[in-house]
Amino acid sequence: MKESMKNGLIRGVVAALASLALLGCLMWMEGNLNPANQSQQSTAAVSESAVPAVAQAEPISADADAAGGFLPGTYTGTANGFGGPVEVAVTIGENGGVADAVITGQGETPDVGGAAIPELRNQLLTAQSADIDGVSGASFTSGAVKEAAAAALALAAGEEVETGPKAEGDNLFIPGTYSASSKGFGGDVEVTVTVSENAIEDIQITGDHETENIGSFAVSMLGERIMDAQSPNVDALSGATVTSSAIFRALQQALTQAGADLTRFPAPEKADANAPKSEESLECDICIIGAGGAGMTAAIHATQAGKNVILLEMMPYVGGNTTKATGGMNAAETHYQAEQGIEDSVEVFIEDTMEGGHQLNDRDLVTVMAENSAEAIDWLDSIGAPLPKVSFSGGATNKRIHAPEDGSGVGAYLVTHFLQKVEELGINVMYDTRATELITDDGAVTGVKAESSTVSYTINAKAVIIATGGFGNNQDMIVQYRPDLKGTVSTSAPGAMGDGIVMAQAVGADLVDIDQIQLHPTVEQGTSMLITESVRGDGAILVNQEGKRFTNELLTRDKVSAAELEQTGGYAYIIFDQRLRDGLKAIEKYVSTGITVQADTIEGLAEQIGCDPATLAETLESWNQAVAAQKDEAFGRDTGMENDLSVAPYYAIKIAPGIHHTMGGVKINTEAQVIDTDGNPIPGLFAAGEVTGGVHGGNRIGGNAVADIVVFGTVASESAVAWCDR
């Protein structure tokens with residue numbers, strides 16, 4: 001065999017194996033795309049459709065042949081992309097290098113996958129192999145291009161590519177049960193599919209490590225979509241693109257084992273945005289817009305009060321930004337505090353919140369939240385969602401933040417229990433239905449106009465509660481009110497688009513503190529994953545790139561964020577040990593998603609994060625001495641110091657500030673009535689949660705968002721019920 005052919009064969013095999021390995025690892029993690037375009041990209045990932053997107057080959061210099069190793073000629077490989085097959089045709093020049101590549105993707109979205117194709121072509125030509133980086137935000141297309149290019153280059157290397165069994169004749173499948181797995185957000189996702197000769201008879205999807213109530217919804221919902229479509233080519237679940245992608249890849253592998261020709265399955269049909277929609281009118285007592293924590297709390301209370309409720313949700317699942325909450329719920333004078341010997345008071349809770357919010361808060365609203373917080377904890381007990389673990393959070397004088405017993409993220413935990421109660425009560429939740437306008441009659445709000453993909457709804461109601469959340473995922477609104485935050489990573493859910501604020505303004509609502517947007521100090525930038533405040537509350541520290549502490553880690557979020565931005569590179573590392581990990585279940589998600597680094601020694605951890613081992617060791621020794629003395633001479637920290645950091649292995653996560661909460665929004669009074677620009681309540685209109693302003697002032701203390709949604713979700717419901725009964 002000629003040396004060039006031998007090298008080509010080796011090169012092709014390595015490229016193929018590298019591509020297949022890389023196929024399971026997306027360029028960015030769940031929900032995090034290019035931060036500057038996060039909302040646009042997450043939407044595009046749902047609407048990828050069958051639109052031609054072809055990269056036209058352009059003649060290039062013969063210098064591209066310099067790498068050598070392949071057999072001259074043109075070779076083609078195919079793989080399944082987002083909306084159907086992606087074909088890569090590589091041309092090998094006389095010197096054995098990749099001289100040209102033509103990529104065709106008939107089903108890739110023009111703005112995402114289609115836009116990425118020219119860059120992917122350039123990467124292939126530069127790398128001279130299928131081992132390319134891909135394009136962020138176009139993970140489906142990038143993966144397909146790598147796989148197809150690997151197959152084409154394997155042929156160019158003289159390799160006979162094993163195609164596997166094929167279904168006979170016009171049959172789609174070889175009957176049987178087939179399984180495959182692919183890496184999702186938190187671990188492997190397994191798909192087991194049972195097929196007859198021409199039908200998918202059953203599909204089972206398992207993804208135990210996917211994010212609860214985000215990725216887990218994809219695991220539970222996509223199987224039904226695939227069965228209905230009888231095709232692997234269905235839309236991803238918005239907000240769960242990594243999990244969706246893993247499911248699709250595993251399904252494609254399983255169907256290939258079943259002898260399927262994946263190119264025979266049509267791309268998802270793109271809905272005609274201009275197609276006329278049917279019209280439907282509905283009646284209810286209370287229409288609630290937004291099925292996050294505040295909306296579901298309000299819906300449960302109103303239904304228990306005997307009212308007929310319609311709950312509108314623009315996403316295909318419930319939860320909203322509540323799902324993103326990780327720490328806990330602040331509450332004072334609770335039975336859990338009393339049982340654990342914790343002294344606290346409503347008055348101290350109020351003053352902590354006012355101080356944390358720079359005294360911009362509406363004290364009356366803060367008082368309502370604090371005074372009703374213990375009763376809210378009791379209500380959560382009553383629906384089977386107890387929060388017995390009590391600890392410190394930033395800005396709190398006393399242990400006040402209440403969390404699940406095992407330390408798991410409070411948001412997903414509460415959403416699960418809220419949803420169970422919503423389903424138990426038979427509340428009508430209209431998914432994939434976006435409210436577009438409030439209906440008014442003589443100045444009073446009397447209903448909502450909303451749209452699904454096929455229906456325009458007029459919902460007549462006696463009262464309306466807006467619980468649509470904030471606008472942390474709407475870059476246009478963020479830049480409108482805070483141009484200095486343009487391009488900042490956001491932890492917000494895909495539905496946090498500010499719709500409720502816009503609708504309320506249209507009927508005369510006033511806004512308050514709308515420019516107050518909070519940065520959370522511990523956000524992993526590659527994934528937009530928020531590292532719960534409980535990690536620091538349980539004893540973790542922050543160090544800079546030099547391996548030194550630089551702040552009291554449990555100051556308010558704005559102060560810690562500002563301190564981080566002053567460090568080298570504007571980032572820091574959160575450092576913790578095995579004992580802390582063992583006591584906080586939320587950490588398992590960070591480990592499983594690969595954002596942590598660990599070592600058996602502090603010096604080893606320092607090498608992992610690229611700082612001086614002696615400096616980091618000295619920092620940890622000083623911190624442990626401070627814990628032993630219960631006195632932090634360096635920065636005055638006096639909370640979250642129950643345990644030192646001395647149990648190996650040791651862990652670090654690189655973090656920096658990210659947009660986490662929009663404190664401003666619709667103005668309300670203590671009865672959760674929406675206030676107009678003249679200072680008067682708008683009849684029939686109520687609001688609760690992050691859509692409102694005034695509760696948090698200039699900075700939200702960790703744990704107050706959950707208190708806000710539960711307390712004011714209850715208040716809004718009670719006020720709406722009273723309005724209906726007037």
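Heavy-atom minimum distance, P494 versus Y317: CG-OH, 4.2 Å. Residues V219 and I205 come closest through the heavy atom pair CG1-O, 3.5 Å. Heavy atoms only, all atoms of each residue included: V88 and A148 are closest at CG2-CB, 3.7 Å. Summarising the geometry of T433 relative to S452, their closest heavy-atom pair is OG1-CB, 4.0 Å, with the distance given to 0.1 Å. Pairing each heavy atom of S490 with each of G472, the nearest pair is OG-O, 2.8 Å. Contact between V448 and C287 at its shortest, heavy atoms only, is CG2-SG, 3.8 Å.
The local environment of CG in D228 is crowded, with over 12 non-hydrogen atoms from other residues, nucleotides or ligands closer than 6.0 Å.
For the pair E190 (side chain) and S181 (backbone), a donor-acceptor distance under 3.5 Å is absent. Under a 3.5 Å cut-off, the side chain of S231 and the backbone N or O of F265 do not form any donor-acceptor pair. Judged by distance alone, with hydrogens and angles left aside, the side-chain atoms of T322 form a donor-acceptor pair with the main-chain N or O of G293 at under 3.5 Å. In this structure, N171 contributes its side chain and N198 its backbone to no donor-acceptor pair below 3.5 Å. At distances below 3.5 Å, not a single donor-acceptor pair connects side-chain atoms of S142 with backbone N or O atoms of G134. In terms of modelled atom types and a separation under 3.5 Å, the side chain of N473 and the main chain of M497 share no donor-acceptor contact. For Q230 (side chain) and M227 (main-chain N/O), a donor-acceptor pair under 3.5 Å exists by modelled atom type. Side chain of R121 to main chain of A101: a donor-acceptor pair is present (N/O by atom type, distance under 3.5 Å, no hydrogens or angles).
Counted by atom type alone, T74 and T91 present one or more donor-acceptor pairs between their side chains at under 3.5 Å. Judged purely by distance below 3.5 Å, without hydrogens or angles, the side chains of E201 and S196 pair a donor atom with an acceptor atom. The closest side-chain donor-acceptor pair between S528 and T491, if any, does not fall under 3.5 angstrom. In summary, the side chains of Q123 and E119 do present a donor paired with an acceptor at a separation below 3.5 Å, with no hydrogens or angles considered.
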(request) Determine, step by step, whether I200 and F173 satisfy the side-chain contact (heavy atoms from CB on, under 4.5 Å) criterion, reporting the C-alpha distance in whole Å, the side-chain angles of both residues, the deciding distance to 0.1 Å, and the verdict. (result) CA-CA 9 Å; I200 300 174; F173 311 112; 4.0 Å; yes
(message) Evaluate V191 against F248 for side-chain contact (heavy atoms from CB on, under 4.5 Å), listing each step before the verdict.
(response) CA-CA 9 Å; V191 174; F248 295 148; over 6 Å; no
(request) Give the C-alpha distance, both sets of side-chain angles, the deciding distance and a yes or no for side-chain contact (heavy atoms from CB on, under 4.5 Å) between L71 and I92. (result) CA-CA 7 Å; L71 300 174; I92 306 301; 5.9 Å; no
(message) Applying side-chain contact (heavy atoms from CB on, under 4.5 Å) to I478 and F471, what does each step give before you reach the verdict?
(response) CA-CA 7 Å; I478 289 170; F471 57 95; 4.1 Å; yes
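Side chains of K324 and L530 form no contact here, defined as non-hydrogen atoms less than 4.5 Å apart. The shortest distance between side-chain heavy atoms of I310 and E283 does not fall below 4.5 Å. Here the side chains of I459 and C284 are in contact, with some heavy-atom distance below 4.5 Å. You'll find the side chain of T303 stays beyond 4.5 Å of the side chain of V422, heavy atoms only. Looking at V135 and T141, their side chains never come closer than 4.5 Å, going by heavy atoms from C-beta outward. Taking 4.5 Å as the limit, some side-chain heavy atom of F217 sits within range of a side-chain heavy atom of V318. With a 4.5 Å cut-off on side-chain heavy atoms, I103 and L124 count as touching. Taking the side chain as every heavy atom from C-beta outward, V523 and H660 never approach each other to under 4.5 Å.
In this structure, S179 OG and Q204 CD are separated by 10.0 Å, a value rounded to the nearest 0.5 Å. Of the inter-residue distances, the one linking N233 atom CG with L262 atom CG reads 8.0 Å to the nearest 0.5 angstrom. Between the CD1 atom in I247 and the CG atom in L237 there is a gap of 8.5 Å [rounded to 0.5 Å]. In this structure, CD on Q257 lies 12.5 Å from CD on Q252, to the nearest 0.5 angstrom. In this structure, the separation between CD on E313 and OG1 on T468 is 10.0 Å, given to the nearest 0.5 Å. Between atom CG of residue N428 and atom CG of residue L312 there is a gap of 8.5 Å, rounded to the nearest 0.5 Å.
By the 4.0 Å N-to-carboxylate-O rule, E424 lies close enough to K421 to be salt-bridged with it.
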